[in-house]
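These values consider heavy atoms only, across backbone and side chains, with no hydrogens, waters or symmetry-generated copies. Residue numbers start from 1 in every chain, and the chains themselves are labelled A, B, ... in the order their sequence lines are given, proteins ahead of strands. Bear in mind that the values here come from a model prediction, so they are computed numbers and not experimental data.
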Amino acid sequence: MPKYQHQELKIYNSLSGEKETFQPVTPGMVGMYVCGPTVYNKVHLGNCRTFISFDLVFRYLKHLDYKVRYVRNITDAGHLENDAEEGEDRIAKKARLESLEPMEIVQKYTVDFHTILHTFNNFPPSIEPTATGHIVEQIEIVKSIIDQGLAYVSNGSVYFDVLKYNETEKYGILSGRKVEELIANTRDLTGQTEKKNPQDFALWKKAEPQHIMRWPSPWGIGFPGWHLECTAMSTKYLGDEFDIHGGGMDLKFPHHECEIAQGKAATGKDPVNYWMHANMLTLNGKKMAKSTGNNILPEEIFTGNNPNLSKAYSPAVARFFMLQAHYRSVLDFSDEALQAAEKGFHRLMEAFQTIDSLPTSNSSSFDVEELEQKCFDAMNDDFNSPILIAHLFDATKLINSVKAEKASLTQSDAKKLKQFMSEFIFDVLGIHENLSFSNTDNSDETKLSGLVEMLIELRTKARENKDFDTSDQIRDQLLDMGIELKDTKGKTEFKIK
RNA sequence: GGUCUCGUGGCCGAGUGGCUAGGCAGUGGUCUGCAAAACCAUGUACAGCGGUUCGAAUCCGCUCGAGACCUCCA
């Protein structure tokens, strides 16, 4: 029996502002769309947080035995740097700066994106469509919106008529904006004479002669508006109405608002049942952004090569750090916080590895099944990974207590504990770290392990002979090399730091 | 300027109308040849000021502070 029949998952829906019990359109199946990156630059850590957040969602839905189709796009069509009618698109600009073909830029940063997300142990999405691969679909949507009388052609471009749409529908339902307020607060942007109203947004833009990325359309040579691709690709692969649409908080307005309007205009249906927004990762209290340069690149974390960092951190530690905060909260990045996460993470991993060697008893002093359900409860409550991690630390404490012979577990409970911890740590949180190599078959590691064991033996003999100079020398020099010895009851263990 | 969100102990970060979040750091103890690790114990935390309530850090109002969006951004 699939797990989702036993667990009640609640998801915070940005549309309603409340946690709602999750009910997919088709029982047992989930369609999820997440806005992917514009590939004109390296992904920074803030970008990664969003994708790690939705990887967590993807993983947990799968863990509940849902069949999930996860679609995440690549924005590779050139969109303008702002909402003005003229200007250079970001990919073309980057191509000029790097002296590359626009599609080389796209390829280069798509590869970077994939590599980094893989390093963070994200699952790839089920489908990863590109904007340029769906120009035809986008044109079809523009046509149908025009047919509905909700878009107009102006000088070779097509704009969505927000005021007209707002006569029968509500533009602004997601972001809580009112059209009247938007009108009152419109910024003065030059060159918007093509639009009937400043709130209108482009579905299709006429390409200026210097614009490199261009396609033919019923309205002339041009390129699609930014918001359109997500509507085209989400509905193509997930249907006119699907379950979950995610993205960064900064996309809520106008991007997602426009998607809702476009979708409704084109199909007459509200495209998405659950809107989810991941919050920002901040650096020095401010949002990380490509445009301001206030960001850290993942590779800088892995190498420690950044003025904000005192050392390097593994991808698993960085991921664990992010998952210790809830996806809807702003998380501030700092070296200190990463260090704390790293220590806690290692404690958790070491305890997990200890389970097999735990002494077993006839009875357990702890309810393992209750703890497991608490882990489900945490994730069922809008994917609350920090609470889940807190429970995993409770398990850590239990394991260490059993090891210290201050608590007890039956053999079957120890097995259960290992099973569900493994599921939550590796399958759900997606944390993956090279485990202690003492129990692997890799030959070099086996040799090193044997070497350390030999030194431990020598040290144990020295200690028996009260030759503490020798024993301390072995311990201290190993520690200098990054090998820590740990004396436990009757046995010395080691760990590579 | 408009809309919205947030403000938790030394740091990070959950949560909630009354019952220990958790991690890191600190302190005391156990263990140890000494340490480390581990275990046990330990913090009068919820920006400020009012209000609602038997009871609020949690609800309401105001003040102060921070951030996001309103232009491309995850």
Per-nt protein contacts along nucleotides 28-38 of chain B (heavy atom under 4.0 Å; B base, S backbone sugar-phosphate only, - none) come out as ----SBBBBBS
With a 3.5 Å limit on both atom pairs, tell me what [N] is paired to, counting Watson-Crick and G-U wobble, or say none.
| N | result |
| --- | --- |
| C59(B) | G51(B) |
| G17(B) | none |
| U44(B) | none |
| A38(B) | U30(B) |
| A68(B) | U3(B) |

With sugar-phosphate meaning primed atoms plus P, OP1 and OP2, does [X] contact a base, only sugar-phosphate, or nothing at under 4.0 Å between heavy atoms?
| X | answer |
| --- | --- |
| Ala278(A) | nothing |
| Ala390(A) | base |
| Gly247(A) | sugar-phosphate |
| Leu281(A) | base |
| Lys252(A) | nothing |

Considering only the [atom1] atoms, how many Å lie between [N] and [M], rounded to the nearest integer?
| N | M | atom1 | result |
| --- | --- | --- | --- |
| G26(B) | G33(B) | P | 24 Å |
| A35(B) | U30(B) | C1' | 15 Å |
| G18(B) | C70(B) | C1' | 42 Å |
| A41(B) | C31(B) | C1' | 15 Å |
| G17(B) | G55(B) | C1' | 8 Å |

For this session: Just compare A14(B), U3(B), G23(B) and give me whichever is closest to any side-chain atom of Ala340(A).
Result: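 Output: G23(B).
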Only one of Lys196(A), Lys195(A), Gln199(A) passes side chain to side chain donor-acceptor pair (under 3.5 Å) with Asp161(A), and that residue is Lys196(A)
| Going by an N to O cut-off under 4.0 Å, is there a salt bridge joining Glu128(A) and Arg72(A)? | yes
query = Would you call Glu464(A) and Arg459(A) a salt bridge, using N to O less than 4.0 angstrom?
reply = no
Is the phosphate of [N], meaning OP1 or OP2, less than 4.0 Å from a side-chain N or O of [X]?
| X | N | result |
| --- | --- | --- |
| Asn279(A) | A68(B) | no |
| Lys343(A) | A25(B) | yes |
| Lys290(A) | A74(B) | yes |

- Task: For atom CD of Glu457(A), decide whether the heavy atoms of other residues, nucleotides or ligands shown that lie under 6.0 angstrom number more than 12.
- Result: no
**Residue Lys170(A) excluded, over 12 heavy atoms near NZ under 6.0 Å** = no
Atom CZ of Phe253(A) and atom P of A74(B) are separated, to the nearest Å, by 18 Å
Margin query: Without decimals, in angstroms, what is the distance between Leu398(A) CG and C40(B) P?
Written below: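 One finds 10 Å between P of C40(B) and CG of Leu398(A), rounded.
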Value for CD (Gln339(A)) from CG (Asp335(A)), rounded to nearest 0.5 Å, stands at 5.0 Å
Query - Partner set under side chain to side chain contact (heavy atoms under 4.5 Å, CB included) for Thr282(A), not counting sequence neighbours - result: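 Once residues adjacent in sequence are excluded, the partners of Thr282(A) under the side chain to side chain contact (heavy atoms under 4.5 Å, CB included) criterion are Val330(A), Asp332(A).
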Q) Do the ring planes of Phe424(A) and Phe420(A) sit parallel (below 30°), tilted (30 to 60°) or perpendicular (above 60°)? A)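 Phe424(A) vs Phe420(A) ring planes: perpendicular.
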